[in-house]
Amino acid sequence: MFRNQYDTDVTTWSPQGRLFQVEYAMEAVKQGSAAIGLRSNTHAVLACVNKANSELSSHQRKIFKVDDHIGVAIAGLTADGRVLSRYMRSECINYGYTYESPLPVGRLVVQLADKAQVCTQRSWKRPYGVGLLVAGLDESGAHLYYNCPSGNYFEYQAFAIGSRSQAAKTYLERKFENFPQSSRDELIKDALFAIRETLQGEKLTSSVCTVSVVGVGEAFNILDQATVQALINEFEISGEEAPAAAAGAEEAAGGAAADQGGAAEEEETAPMDI
């Protein structure tokens, strides 16, 4: 992991042409809890996994509202993400005050990338150890960008970052061709299934994930837990017809064992098969 004299300063190049401290910052993103974004022509959805340091603590926020038309999901060092989201919020306020119109998503992403790039070229600074998925809506439609600690940024139809994000990427790659024409609820459904891929068998509930939406006629908002749980239940029933019928019959009986049986059936079915 350590690169001897070539990783002591962010401005020091290795003989292979690499900046190791920037790579370490990118590794911090991979160690963070998973965050997922996807967009259609009219809506963009962000979702993330909620992780607490212990059973006695609450989880840290991973999705932040920047403006009525922009939001971000982060993976990596939460403190850095909070600072950058505050910077983005300030830029949106200043632009709105000056031009009396919403800040275009692409322009904000470029400003954020420039801010991150400066930290890779100053010996007294360190790169931000956080990756940001920026979702927004402007005159040209819905957008989803990924901002890297290196200062690079990319626009995606769908993307996942953080720990165990490769499983979510595989799911999104199988589904992305349908995303441009997807409805709001269909995007949320795919986001929840992608989140479920990163849980490695853990049951998906509203307490372990956060979902947010922005779209035409809908300002950026974070869905409450009751709404997310209702959507999870609805999508699982619509995706698994036979277990859903059995679960419905068992719920009518009203037994506690019925709930456990439904959970067992849920865990046996791989999310990829839905």
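Computed from heavy atoms alone, side chains included, the values below leave out hydrogens, waters and symmetry copies. Count residues from 1 along the sequence.
Remark: side-chain polar atoms of Asn41 are not paired, donor with acceptor, to backbone N or O of Gln181 under 3.5 angstrom. A distance-only check finds a donor-acceptor pair linking the side chain of Ser85 to the backbone of Arg82 [under 3.5 Å]. Of the possible donor and acceptor atoms, none in the side chain of Arg39 sits under 3.5 Å from a partner among the backbone N and O of Ala44. Put simply, the side chain of His69 gets close to the backbone of Leu103: a donor and an acceptor are under 3.5 Å apart. Looking at Ser90, its side chain never comes within 3.5 Å of a backbone N or O of Arg86 through a donor-acceptor pair. Side-chain N or O atoms of Asp7 include none that pairs as donor or acceptor with a backbone N or O of Gln21 at under 3.5 Å. In terms of modelled atom types and a separation under 3.5 Å, the side chain of Ser182 and the main chain of Glu186 share no donor-acceptor contact. For Glu173 (side chain) and Thr170 (main-chain N/O), no donor-acceptor pair under 3.5 Å exists by modelled atom type.
Smallest separation of non-hydrogen atoms from His43 and Val213: CD2-CG1, 4.2 Å. Shortest non-hydrogen contact noted between Ser40 and Pro180 is CB-O, 3.7 Å. In terms of heavy atoms, Ala113 sits closest to Asn147 at N-ND2, 3.5 Å. The shortest heavy-atom contact between Leu38 and Ala158 is CB-CB, 3.7 Å. Taking all atoms of both residues into account, the shortest heavy-atom contact from Val228 to Leu192 is CG1-CD2, 4.4 Å. Nearest heavy-atom pair, Tyr128 versus Pro149, reported as atom, atom and distance to 0.1 Å: O-CB, 3.0 Å.
Using a 4.5 Å heavy-atom threshold, the side chains of Phe159 and Ile161 count as touching. At a threshold of 4.5 Å between non-hydrogen side-chain atoms, the residues Phe64 and Ile74 count as touching. Considering only heavy atoms from C-beta on, Ile63 stays 4.5 Å or farther from Val72 through its side chain. Residues Pro104 and Glu139 fail the side-chain proximity criterion, which asks for heavy atoms closer than 4.5 Å. Using a 4.5 Å cut-off on side-chain heavy atoms (C-beta onward), Lys115 and Leu84 make contact. Inter-residue side-chain proximity for Glu91 and Gln111 is flagged as met; some heavy-atom pair is nearer than 4.5 Å. Two residues are said to be in side-chain contact when any heavy atoms from C-beta on lie closer than 4.5 Å; Lys62 and Thr78 meet this criterion. Met88 is listed as a side-chain neighbour of Leu108, based on a closest heavy-atom distance under 4.5 Å.
Taken from CZ in Arg61 to OG1 in Thr210, the straight-line distance is 9.5 Å, to the nearest 0.5 Å. If you take CG on Leu46 and NZ on Lys65, they are separated by 13.5 Å, rounding to the nearest 0.5 Å. The distance from the CG atom of Leu223 to the OG atom of Ser206 is 11.0 Å, given to the nearest 0.5 Å. Atoms CG and SG, on Leu112 and Cys148 in that order, are 11.0 Å from each other to the nearest 0.5 Å. Summarising the geometry, atom OG1 belonging to Thr12 is positioned 11.0 Å from atom CZ belonging to Phe20; distances are rounded to the nearest 0.5 Å. In this structure, CG in Leu172 is found 10.5 Å from CD in Gln157, a value given to the nearest 0.5 Å.
More than 12 heavy atoms of other shown residues, nucleotides or ligands fall within 6.0 angstrom of atom CD in Gln16. Around OH of Tyr153, the count of heavy atoms belonging to other residues, nucleotides or ligands within 6.0 Å does not exceed 12.
The hydrophobic clustering, which links ILVMFWY residues whose side-chain heavy atoms are closer than 4.5 Å, places Leu19 and Met26 together. There is a path of hydrophobic side-chain contacts, each under 4.5 Å, that joins Val109 to Tyr95. Cluster annotation: Val134 and Val45 are assigned to distinct hydrophobic clusters (Ile/Leu/Val/Met/Phe/Trp/Tyr, side-chain heavy-atom contacts under 4.5 Å, transitive). Both Tyr171 and Leu231 are assigned to one and the same hydrophobic cluster, defined by single-linkage of ILVMFWY side chains at heavy-atom distances under 4.5 Å. Note on Val66: it does not cluster hydrophobically with Leu133, by side-chain heavy-atom contacts below 4.5 Å among ILVMFWY residues.
For Phe154, there are no ring-ring contact (aromatic ring centres under 6.0 Å, His included) partners at least two apart in sequence or on another chain. Taking Ala47 as the reference, Ala191, Ile195, Val211 meet the side chain to side chain contact (heavy atoms under 4.5 Å, CB included) condition, with sequence neighbours excluded. With sequence neighbours left out, Tyr97 forms a ring-ring contact (aromatic ring centres under 6.0 Å, His included) with no residue at all.
A side-chain donor-acceptor contact under 3.5 Å links Asn221 and Glu218. Under the 3.5 Å distance criterion, with hydrogens and angles disregarded, a donor-acceptor pair is assigned to the side chains of Asp9 and Thr11. Between the side chains of Tyr146 and Asn152, no donor-acceptor pair is found at a separation under 3.5 Å. Under the 3.5 Å distance criterion, with hydrogens and angles disregarded, no donor-acceptor pair is assigned to the side chains of Gln225 and Gln229. Side-chain polar atoms of Ser163 and Lys30 form no donor-acceptor pair below 3.5 angstrom.
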Can you check side-chain contact (heavy atoms from CB on, under 4.5 Å) on Asp185 and Leu187, steps first, answer last?
-> CA-CA 5 Å; Asp185 288 346; Leu187 283 181; over 6 Å; no
Stepwise side-chain contact (heavy atoms from CB on, under 4.5 Å) test for Thr120 and Val118 | CA-CA 5 Å; Thr120 70; Val118 169; over 6 Å; no
Report the C-alpha separation of Cys92 and Ile70 in whole Å, then their side-chain angles, then the decisive distance to 0.1 Å, and conclude whether the side-chain contact (heavy atoms from CB on, under 4.5 Å) test is met.
-> CA-CA 9 Å; Cys92 286; Ile70 298 177; 4.2 Å; yes
Residues Phe193, Lys175; criterion side-chain contact (heavy atoms from CB on, under 4.5 Å); working and verdict | CA-CA 11 Å; Phe193 282 147; Lys175 301 284 187 178; over 6 Å; no
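Between Lys169 and Glu197 no salt bridge is recorded (no basic side-chain N to carboxylate O distance below 4.0 Å). We find that Asp80 and Arg126 are joined by a salt bridge, their nearest charged nitrogen and carboxylate oxygen being less than 4.0 Å apart.
The aromatic rings of Tyr145 and His143 sit parallel, their planes meeting at an angle under 30°, below the 60° perpendicular limit.
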